[in-house]
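First comes the structure, then the notes that go with it.
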Amino acid sequence: MADEKNDQVPDVEINPVFARGGEATAYPANRIPQGESLPETAYQVVHDQAMLDGNARLNLATFVSTWMDVQAKDLYVEAFDKNMVDKDEYPATAAVETRCVKMIAAMWNAADPDDTVGTSAIGSSEAAMLGGLAMKRKWRNARQAAGKPTDKPNLVMSSAVQVCWEKFCNYFEVEPRFVPISHKHKVLDGHELERYVDENTIGVVAIMGVTYTGMYEPVKEISAKLDEIQKDTGLDIPIHVDAASGGFIAPFCQPDLEWDFRVERVVSINTSGHKYGLVYPGLGWVVWRDKQSCPDDLIFYVSYLGGSEATLALNFSRPGAQVLLQYYLFLRLGVDGYTRVQSNSRDVAMFLAGEIGKMEQFELWNDGSDIPVFAWYLKPGVTKNWSLYDLADRLRLAGWLVPAYPMPNDLADLTVQRIVVRNGLSHDLATRLLEDVKKAVAFLEDLDGPMPRVAPTTPQFTH
Ligand SMILES: *Cc1c(COP(=O)(O)O)cnc(C)c1O
């Protein structure tokens with residue numbers, strides 16, 4: 001019997017995965033292979049390639065969730081086949097989306113959460129673009145009604161905006177006007193705003209949680225400055241708040257800070273459900289303060305269940321599972337749970353910032369007390385031969401991803417390093433990280449010459 005079997009073609013079903021003739025080793029890199037593979041072989045190959053990515057939990061560069069509990073995973077597996085756009089087929093998921101929009105509108109203190117318009121999106125980028133488009137359309141409609149030209153819209157924002165705003169301006173042909181940040185004005189704070197706005201300004205973007213550093217922009221001060229400008233010039237300029245990260249921090253950690261719909265000039269707000277909303281990647285939200293703030297001609301009405309559902313999105317099909325996961329978390333955590341989780345991340349961030357700020361080589365840019373994110377830079381003239389890029393490399397050897405990158409425009413000479421504390425970076429892990437930072441700094445300080453390089457280091461910046 002044994003001999004008979006050996007004479008046959010090798011039985012792939014009993015051969016060990018990594019020892020199967022050709023299968024595991026001969027896939028073309030950039031072409032679809034001609035033949036089929038056994039599922040377990042293909043699985044193993046893909047699994048092994050993904051294994052070469054960094055460890056998501058040690059990735060302190062990203063804002064995006066890397067941990068959810070087991071029930072969330074079960075729910076995800078049950079729901080990953082749902083298409084958000086199929087509101088007819090999945091009316092329950094559509095209804096959950098509507099509930100979430102109202103919950104978020106209420107969280108952001110909308111006067112009447114039931115009168116708001118909003119939608120889920122694939123992330124803050126899509127959500128922000130919808131907010132930008134609505135401002136552009138409102139501005140255009142008003143200009144047309146007044147018989148004025150509409151060919152030169154502009155949008156005013158900090159030079160430290162996330163790239164989605166540069167994309168918005170590029171894709172939708174709006175002139176971006178960047179207000180530079182500086183050591184004195186670390187964020188957009190209204191300073192000299194009158195020099196940037198004019199009759200063609202569709203709006204001002206205020207960021208709750210600047211991506212580069214984690215700092216909040218003072219929405220109320222920006223709004224007060226726009227009030228002054230309106231008094232002087234008659235221009236009534238709306239604010240869109242990019243609260244990609246802060247939208248799920250400020251309501252819980254700084255509930256008295258007025259940055260949301262309590263500020264009248266704020267017409268719309270976006271956030272990332274997949275950042276401090278604590279859902280896995282693929283979820284953003286945008287909400288308008290009331291129905292009037294979102295021009296009706298951007299909304300498509302589709303009928304479902306005998307009713308009419310407003311949809312407003314750049315994408316058509318996209319996963320519905322994340323929306324269910326957001327709803328799960330709202331039920332699972334409630335306000336108290338979100339407060340506990342976010343406060344814990346903030347405590348860890350402030351602890352880490354405090355310790356890193358004590359090290360003689362470093363100066364903190366901020367202390368992690370807004371969103372749980374902080375950045376630091378090298379004190380000029382203190383270190384000998386190393387940069388924050390070298391420190392990032394050394395930390396990478398220990399498994400930690402802690403990016404170093406240049407600040408924007410006028411501050412591009414300044415290199416900072418940033419830590420994003422997310423749910424899952426415990427005090428214990430943070431203490432280990434600190435030990436590794438100290439070890440890496442000691443190593444770099446001990447070098448006689450510049451840090452030898454194996455390969456050139458390129459700045460890395462995960463938004
Ligand atoms: C992350 C981020 C974005 C983009 O969000 P995505 O959800 O990744 O599309 C936009 N603005 C700010 C301030 C961000 O931090």
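Whatever order the structure lists them in is the order used to number ligands and atoms, beginning at 1. Bear in mind that the values here come from a model prediction, so they are computed numbers and not experimental data.
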Do side-chain atoms of [X] reach the backbone of [Y] as a donor and acceptor pair under 3.5 angstrom?
X	Y	value
E217	L188	yes
R418	T211	yes
T201	G203	no

Give a yes/no verdict on whether any heavy atom in [X] is under 4.0 Å from an atom of ligand 1.
X	value
K275	yes
M208	no
C164	yes
G209	yes

Relative to ligand 1, is V210 under 4.0 angstrom through side chain, backbone, both or neither, heavy atoms considered?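 Neither; no heavy atom under 4.0 Å.
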
Report the part of A244 in contact with ligand 1, treating N, CA, C, O as backbone and CB onward as side chain, heavy atoms under 4.0 Å; options are side chain, backbone, both, neither.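 Under 4.0 Å from ligand 1, A244 contributes side-chain atoms alone.
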
Is W165 in polar range of ligand 1, meaning some N or O pair under 3.5 Å apart?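 In this structure, W165 places no N or O atom under 3.5 Å from an N or O of ligand 1.
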
Ignoring angles and geometry beyond distance, decide whether S245 reaches within less than 3.5 Å of ligand 1 through its nitrogen or oxygen atoms.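 Checking ligand 1 against S245, no N or O pair falls under 3.5 Å apart.
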
Give the numbers and elements of all ligand 1 atoms closer than 4.0 Å to a heavy atom of [X].
X	result
H274	6 (P), 7 (O), 8 (O)
Q162	2 (C), 3 (C), 4 (C), 10 (C), 11 (N), 12 (C), 14 (C)
S272	5 (O), 6 (P), 7 (O)
I207	13 (C)

Could you tell me which non-hydrogen atom of L283 sits nearest to which non-hydrogen atom of Q326, and how far apart they are?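 Here L283 and Q326 meet closest at CD2-OE1, 3.4 Å.
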
Neighbour count >12 (heavy atoms, 6.0 Å) for atom CZ, F172: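 Yes, CZ of F172 has more than 12 neighbouring heavy atoms, counting only those of other groups under 6.0 Å.
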
Quiz item: cation-pi between K186 and W365, 6.0 Å / 45°: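 The answer is yes, since K186 meets both limits relative to W365.
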
Can you pull out every salt bridge (Lys or Arg N to Asp or Glu O under 4.0 Å) where at least one residue sits in residues 235-246? Sequence neighbours excluded, please.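 For residues 235-246: D236-R265.
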
side-chain hydrogen bond (donor to acceptor under 3.5 Å, both in side chains) pairs, two or more places apart, involving residues 313-324: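 Those involving residues 313-324 are Y76-Q322, N83-S317, S120-R318, E126-N315.
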
